[in-house]
Amino acid sequence: MKFDPLFKQHKIFHGCDYNPEQWLDYPEILEKDITMMKQAHCNIMSVGIFSWSMLEPEEGHYNFEWLDKILDKLNENGIKVFLATPSGARPTWMSKKYPEVLRVWENRVRALHGGRHNHCSSSLVYRQKVHDIDLKLAQRYANHPAVIGWHISNEFSGSCHCELCQKNFRVWMKNKYKTLDNLNKSYWSVFWSHVYTDWSEIESPSSIGENAVHALNLDWARFNTELCMDFCKHEIDTVKSVRSDLPVTTNFMEYFYDYDYFEFAKILDFVSWDSYPQWHVFKDQEQTPLYTAMNHDLMRSLKGGQPFVLMESTPSLTNWRDTSKLKKSGMHKLSSLQALAHGADNIQYFQWRKSRGASEKFHGAVVDHVGHLNTRVGKEVCELGSILEKLGEIAGSRVDAKVAVVFDTQNWWAIDDAMGPRNIGKKYLEVVQDYYKVLWKHGINVDVIDETCPLDNYKLVIAPMTYMIRGDYANRVTDFVRNGGTYVSSFWSGIVDDNDLTFLGGFPGPLSEVLGIWDEEIECLEEEETVKVKIGTEEFDATHLCALIHPHGDTKVLGTFNSDFFKDYAAVTVNSFGKGNAYYVASRIEYSYLDKLLSKILGDCSVESPIENLPFAVTCHTRYNADTEYLFIGNYSDKAADVALKESYEDLLSGQQLTGVITLKSYDFRILKKHK
Ligand code: GLA
Ligand code: ZN
């Protein structure tokens, strides 16, 4: 295992999106920025994300002087920079002169100029213009001493349906299927007479046209992942043509649906993401921290556990959620340290200073309109900055999980798109989170992987609702269990192949042997409907979907349904297979049962909680470097909580040696360390 910090600097970075181009008419403000950045212990800024119109105010006429000054000044003050390429939003003159850079929506109407993140990724003009500005930036700044990485574009998303994109889609399809016959067979296109007789007949899915061929919808999403990656790669190649060793990223988003990030991450040197959790919105105080925790774990797992960058977060509120709630005092520090606990080496915000006008003038920022840091938010950011400064030794340490949860984006697309068996909500993410929650509440490190990731390093792999079995996944699961791994599967698994064609000969298709069951039918429950499951002498509620299964001869039945016509059907099974075990949970059984089941399995797999019996909304996660273990404990509840340490630890911030029971106030945290 490597313990290299991302940017070879043994520090945790703290900083923001810095948009000085909004303030060029206010020199006194720019001057003050640097002083306050130091006050806030900021050592990194992402610069230039939406600067194109200030960098190239007229076509081919560039103005870099302002950026020269900013970068020099940041450098003189020891502040590093992620330099952005500005392709996330283009100047007005460009859309006017070259309308083809504008995106065509799925209803085949071309957008007018406006907004952002809405270019056509196929447009040769746009690619040329992006190349030109990126090259200029790279030539001027790739060797600037402040610049430590590239922030390519911003939050890539969506798709364009213009003629050029259609053409590229057809080429992509031809490459994939080679013959129309293959394509038609894979698409089951005889159904409703959707047979293609010429490649030119292929059109992207649309609400006013074809939208019921599921494999087409899947391919369109895959194509758009690749097209966007190709666009991003075009930018990466441009900046790397000047200096190849400067690392690149693009900022990813929360449980992102448009593209497959496990594919996308392959072209990046490091992963970064923008996290805007809805703190204090939900009654259940565990909901937001665990939802966010799983997303951090997913981001870290995209590049095999390498530390990631929290590129954006808000120090206070967003202005685009239904309700714009402030972070209560303490939550900003806690939520930032949560990212660190899950493997981040950087804590950054959108944005340094609140804009004066336009759509994000009320979005939280480090510096409010008042213009100083003597604010509740400013003070907490400064305090966090001084804490992060003391955590340099953690940079580069790894999370090292022995448990993985499978959450596969392509499977998600396929589950949602399929008609049936529960059109009021398939709830793939929620079901995966049911299982993740148990691990989170036990303080167990978890990787969140997809079906393409290696399984061999884990003791336990939990993979609910693997409806679509991609590539050789089933073989790898079978080998994993045969070699001693423990696998947990659930209802609605092993139903279709990569093309959304169902497996013939009985579900769960290629997982049948390892799971030791035949899944004959699936019953859909109404939103409030429950059925009973009997496990030993106890009874639990189950909701959502119920797979009606038949265990094979040697498969052990751990529990049965206890209501309706499928009473006595197996509800939970385990098949011992080779040296390992494969569990199957046939319905969405309530938390108290999942906790019992997984606790037993974790014990069998010798995966221990670093702290037993964590109180409500308190969790812990561990990072490791070569000889030290760092335990991050956080209390997300609005009440104080007692935590019983199993061993003696040093409190990294106070230097105190701690043993026994420690008390954490509401939103408090501890970072404890001990030698391995
Ligand atoms: C996104 C964008 C930022 C900003 C923030 C506001 O993450 O990347 O430019 O709009 O949202 O929350
Ligand atoms: Zn297009």
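For the numbers below, each heavy atom of this structure counts, side chains included, while hydrogens, waters and symmetry mates do not. Ligands are counted one by one from 1 in listed order, and the atoms in each one are counted from 1 as well.
At most 12 heavy atoms of other shown residues, nucleotides or ligands fall within 6.0 angstrom of atom CG in L112.
The pair D72-K69 does not meet the salt-bridge criterion, since no charged nitrogen lies less than 4.0 angstrom from a carboxylate oxygen. The residues E203 and R170 are annotated as salt-bridged, a charged nitrogen and a carboxylate oxygen being separated by less than 4.0 angstrom. Of the charged side-chain nitrogens involved, at least one lies within less than 4.0 Å of a carboxylate oxygen, so that E31 and K73 count as a salt-bridged pair. Taking the charged nitrogens against the carboxylate oxygens, E226 and K176 have no contact shorter than 4.0 Å, which rules out a salt bridge. Checked for salt-bridge contact, D237 and K233 meet the test: a charged N lies under 4.0 Å from a carboxylate O. Ion pairing between a basic and an acidic side chain is recognised when a charged N comes within 4.0 Å of a carboxylate O; D260 and R222 show no such pairing.
Residue E312 places at least one N or O, backbone or side chain, under 3.5 Å from an N or O of ligand 1. The distance criterion of under 3.5 Å between nitrogen or oxygen atoms is not met by D17 with respect to ligand 1. Checked against a 3.5 angstrom limit, the closest N/O atoms of H363 and ligand 1 fall inside it.
If you number the atoms of ligand 1 from 1 as listed, the ones under 4.0 Å from a heavy atom of F50 come out as 9 (O). Near E155, the atoms of ligand 1 lying under 4.0 angstrom from a non-hydrogen atom of the residue are 1 (C), 2 (C), 7 (O), 8 (O).
Vertex the Zn ion (ligand 2); arms to C160 atom SG and C165 atom SG; angle 110° (nearest 10°).
The proximity of T318 to ligand 1, defined as any non-hydrogen pair under 4.0 Å, does not occur for either the backbone or the side chain.
Of the options R321, M311, E360, R116, the smallest heavy-atom separation from atom 9 (O) of ligand 1 is shown by R116.
Residue Q351 places every heavy atom at 4.0 Å or more from ligand 1. Residue N154 places a heavy atom under 4.0 Å from ligand 1.
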